Q: 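First the structure, then my questions, so here it is.
The shown structure was predicted, so the numbers you read here are calculated from the model rather than taken from an experiment.
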Amino acid sequence: RDPKPYFTEDGKIRFICGAQRENLTGTAIIFEMDNLEDTPRLLGELSLPAFDNKNVFMWECPDLLKLGDKDVFIWSPQGKDREAHQFQNNYHATYAVGKLTDLTFEAEYISELDQGFDFYAPQTFLSKDNERLLLGWLRMRKPVQGEEWIGMFIMPRVLKEKEGKIIQELYPKIKNSFNHEVQEISFDQPFQLKTTLNKDSSLNLGGFKIDIQDDCLHLNREEVSIQENKVCNDVVSPKLQGHYDIELYYDHHVFEIYIN
């Protein structure tokens, strides 16, 4: 499922698909075509030796791309075991930075792409300015009250590689639209909030709580989210080395938070 095309260095078309093996474990498979009229040829599975695939039963929304001189693989593994500072939700969006050689991806670094509650199934695109943009899906268990739709996109992000990791920033044209200063927060209108926290400070935004715990950003939404099985309402970030610059965006049904 979820085929994503890309070009090889010699101009052939390849596309990568999420898959499940017959033994119910997750993987990705790669097809190749000489041109758009060609019949796709199955080349095989993508090998990612550095990733612990234990208990993962499906890979969804794979994406192979370049950032600078690094290869990047983004995918959504389902069933990954929960860890103290990542993979805390039921389903995750993960990336690897390294070198792709034919069907083998030698990863130098693997991490979650987003530590929030609902981010899933991202895909990237090139802008007209050749920037690598990312859109992700925010999963929702129920429609918003009074609405028929369920689930939504994040605001687009610009991806860059820095010291072997992916750095994400809000797309500048959207960021620059938050240009009217207000004296108090109203949840009737979108807003941007910039602040620096310390280990003893906290924020409470209409019941959405943010504080620092053991050098991690701690988020809790129990007061404002549904309480049902498999709904994650409490997460922590990776450790932040004592640096807690927060850039928060609110848009009616979502908070998006950028750290440092």
Q: Group every Ile, Leu, Val, Met, Phe, Trp and Tyr by side-chain heavy-atom contacts under 4.5 Å, then state whether Leu197 and Ile257 land in the same group.
A: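 Same cluster: Leu197 reaches Ile257 through Ile, Leu, Val, Met, Phe, Trp or Tyr contacts under 4.5 Å.
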Q: Please report, to 0.1 Å, the donor-acceptor pairs under 3.5 Å made by any side chain of residues 180-196, with sequence neighbours excluded.
A:
{"unit_1": "Ser186", "atom_1": "OG", "unit_2": "Asp188", "atom_2": "N", "d": "3.2"}
{"unit_1": "Gln192", "atom_1": "NE2", "unit_2": "Tyr249", "atom_2": "OH", "d": "3.0"}
{"unit_1": "Thr196", "atom_1": "OG1", "unit_2": "Asp245", "atom_2": "OD1", "d": "2.6"}

Q: So, the side chain of Asp251 versus the backbone of Val254: is there a donor-acceptor pair under 3.5 Å, distance only?
A: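 Between the backbone of Val254 and the side chain of Asp251 there is no qualifying donor-acceptor contact (under 3.5 Å).
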Q: Below 30° counts as parallel, above 60° as perpendicular, anything between as tilted: where do the rings of Phe73 and Trp75 land?
A: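 The rings of Phe73 and Trp75 lie parallel, inter-plane angle below 30°.
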Q: With a 3.5 Å cut-off and no angle check, do the side chains of Ser127 and Asp129 form a donor-acceptor pair?
A: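 No, no side-chain donor-acceptor contact under 3.5 Å.
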Q: When you compare the side chains of Glu60 and Tyr120, does any donor N or O come within less than 3.5 Å of an acceptor on the partner?
A: yes
Q: The criterion is salt bridge (charged side-chain N to carboxylate O under 4.0 Å, His left out); which residues satisfy it with Asp71, sequence neighbours excluded?
A: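 Per chain and number, Asp71 pairs via salt bridge (charged side-chain N to carboxylate O under 4.0 Å, His left out) with Lys66.
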Q: To the closest 0.5 Å, what do you measure between CD1 (Ile30) and CG (Leu64)?
A: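 Here the interatomic distance stands at 6.0 Å.
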Q: Between Asp63 and Lys4 (salt bridge meaning N to carboxylate O under 4.0 Å), is one present in this structure?
A: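 Counted as a salt bridge, because a side-chain N and a carboxylate O are separated by less than 4.0 Å.
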Q: Between Phe31 and Phe15, how do the two ring planes meet: parallel, tilted or perpendicular, split at 30° and 60°?
A: parallel
Q: Considering all heavy atoms of both residues, which atom of Phe117 and which atom of Cys232 are nearest to each other, and what is their separation?
A: CD2-O, 3.2 Å
Q: Begin from the C-alpha positions of Tyr244 and Asp215 and carry the test side chain to side chain donor-acceptor pair (under 3.5 Å) through to its verdict.
A: CA-CA 9 Å; Tyr244 316 121; Asp215 195 40; 2.6 Å; yes
Q: Can you check side chain to side chain contact (heavy atoms under 4.5 Å, CB included) on Leu219 and Val236, steps first, answer last?
A: CA-CA 6 Å; Leu219 309 178; Val236 294; over 6 Å; no
Q: Quiz question: by atom type and distance under 3.5 Å, do the side chains of Thr27 and Glu45 form a donor-acceptor pair?
A: yes
Q: Locate the shortest heavy-atom distance separating Pro143 from Ile150; write the atom from each residue and the value.
A: N-CD1, 3.8 Å
Q: Can you confirm whether Leu133 sits close enough to Val158 that some side-chain heavy atom of one is under 4.5 Å from a side-chain heavy atom of the other?
A: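 SC-SC contact between Leu133 and Val158 confirmed.
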Q: List the residues meeting side chain to side chain donor-acceptor pair (under 3.5 Å) with Asp214, not counting sequence neighbours, and say none if there are none.
A: Lys239
Q: Would you say Pro49 and Glu106 make side-chain contact, with heavy atoms under 4.5 Å?
A: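 Yes, their side chains come closer than 4.5 Å.
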Q: In plain terms, say whether Glu223 and Lys209 are close enough for a salt bridge, that is, a side-chain N and a carboxylate O under 4.0 Å apart.
A: yes
Q: Heavy atoms, side chains only, cut-off 4.5 Å: are Ile167 and Leu159 in contact?
A: no
Q: For Arg157 and Glu256, what are the C-alpha separation, side-chain angles and deciding distance, and is it a side chain to side chain contact (heavy atoms under 4.5 Å, CB included)?
A: CA-CA 11 Å; Arg157 302 174 184 176; Glu256 295 193 36; 4.1 Å; yes
Q: Excluding sequence neighbours, so at least two apart, what forms side chain to side chain contact (heavy atoms under 4.5 Å, CB included) with Ile13?
A: Phe7, Met33, Leu36
Q: So, for Leu113 and Gln168, which heavy atoms are closest and what is the spacing to 0.1 Å?
A: O-NE2, 2.7 Å
Q: So, using side chain to side chain donor-acceptor pair (under 3.5 Å) as the criterion, who are the partners of Glu9 when residues are at least two apart?
A: none
Q: Determine, step by step, whether Lys80 and Asn55 satisfy the side chain to side chain contact (heavy atoms under 4.5 Å, CB included) criterion, reporting the C-alpha distance in whole Å, the side-chain angles of both residues, the deciding distance to 0.1 Å, and the verdict.
A: CA-CA 6 Å; Lys80 182 78 173 148; Asn55 293 331; over 6 Å; no
Q: Under a single-linkage definition using a 4.5 Å side-chain heavy-atom cutoff for Ile, Leu, Val, Met, Phe, Trp and Tyr, are Phe153 and Leu248 assigned to the same hydrophobic cluster?
A: no
Q: Short question: side chain of Glu83, backbone of Gln86 - any donor-acceptor pair under 3.5 Å?
A: no
Q: Indicate whether any N or O donor in one side chain lies under 3.5 Å from an N or O acceptor in the other, for Trp137 and Asp118.
A: no
Q: Counting C-beta onward and ignoring hydrogens, is there a side-chain heavy-atom pair between Ile212 and Asn198 closer than 4.5 Å?
A: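 With C-beta onward as the side chain, the pair stays apart.
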Q: Distance from Asp211 atom CG to Leu217 atom CG, nearest 0.5 Å?
A: 8.0 Å
Q: Apply side chain to side chain donor-acceptor pair (under 3.5 Å) to residues Thr94 and Glu112 and explain how you reach the verdict.
A: CA-CA 4 Å; Thr94 308; Glu112 272 190 293; over 6 Å; no
Q: Donor-acceptor pair, distance only, cut-off 3.5 Å: does the side chain of Tyr95 make one with the backbone of Ile166?
A: yes
Q: So for atom CZ, which belongs to Phe125, do other residues, nucleotides or ligands contribute more than 12 heavy atoms lying within a distance under 6.0 Å?
A: yes
Q: Run the side chain to side chain contact (heavy atoms under 4.5 Å, CB included) test on Ile29 and Leu42 for me, step by step, so that the C-alpha distance in whole Å, both residues' side-chain angles and the decisive distance to 0.1 Å come before the verdict.
A: CA-CA 8 Å; Ile29 53 177; Leu42 175 62; 4.0 Å; yes
Q: To the closest 0.5 Å, what do you measure between CD (Gln20) and CZ (Arg1)?
A: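 It comes to 10.5 Å.
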Q: Around atom CD of Glu163, are there more than 12 heavy atoms of other residues, nucleotides or ligands at under 6.0 Å?
A: no
Q: Any Lys/Arg nitrogen of Lys175 or Glu169 sitting under 4.0 Å from an Asp/Glu carboxylate oxygen of the other?
A: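 No, no charged N to carboxylate O under 4.0 Å.
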Q: What is the distance from atom CG of Leu100 to atom OG of Ser47, rounded to the nearest 0.5 Å?
A: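 Here the interatomic distance stands at 10.5 Å.
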Q: Over all heavy atoms of both residues, which pair between Ala96 and Leu48 is shortest? Give the atoms and the distance, please.
A: CB-CD1, 4.4 Å
Q: In this structure, would Tyr250 and Phe178 fall into the same cluster of hydrophobic residues linked by side-chain contacts under 4.5 Å?
A: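 Tyr250 and Phe178: separate clusters.
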Q: Could you walk me through whether Arg14 and Thr8 pass the side chain to side chain donor-acceptor pair (under 3.5 Å) test, one step at a time?
A: CA-CA 7 Å; Arg14 287 188 177 183; Thr8 65; 5.4 Å; no
Q: Listed by chain and number, what are the salt bridge (charged side-chain N to carboxylate O under 4.0 Å, His left out) partners of Arg41, not counting sequence neighbours?
A: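 Result, salt bridge (charged side-chain N to carboxylate O under 4.0 Å, His left out) vs Arg41: Glu32, Asp34, Asp38.
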Q: Can a side-chain donor-acceptor contact be found between His218 and Asp234 if the only test is distance below 3.5 angstrom?
A: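 Yes, because at least one side-chain N or O of Asp234 sits under 3.5 Å from a partner of the opposite role on His218.
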Q: Do Leu134 and Leu65 sit in the same hydrophobic cluster, where Ile, Leu, Val, Met, Phe, Trp and Tyr count as joined when their side-chain heavy atoms come under 4.5 Å apart?
A: yes
Q: Inspect the contact between Lys99 and Glu108 and indicate whether a charged nitrogen and a carboxylate oxygen are less than 4.0 angstrom apart.
A: no
Q: With the side chain counted from C-beta on, respond yes when Phe255 and Arg221 share a heavy-atom pair under 4.5 Å apart, and no when they do not.
A: no
Q: Please find the pair of heavy atoms, one from Val56 and one from Pro77, that lie closest to each other, and give the distance.
A: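 Shortest heavy-atom separation between Val56 and Pro77 comes out as CG1-CB, 3.8 Å.
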Q: Might you point out which heavy atoms bring Val97 and Phe105 nearest each other, and give the distance in Å?
A: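 Reported closest heavy-atom pair: C-CE2, 3.9 Å.
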Q: Under the 6.0 Å and 45° cation-pi test, does Lys70 pair with Tyr109?
A: no
Q: Do the side chain of Arg21 and the main chain of Gly26 share a donor and acceptor less than 3.5 angstrom apart?
A: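 Yes.
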Q: Verify, without hydrogens or angle tests, whether Ser177 (side chain) and Ile174 (backbone) share a donor-acceptor contact under 3.5 angstrom.
A: yes
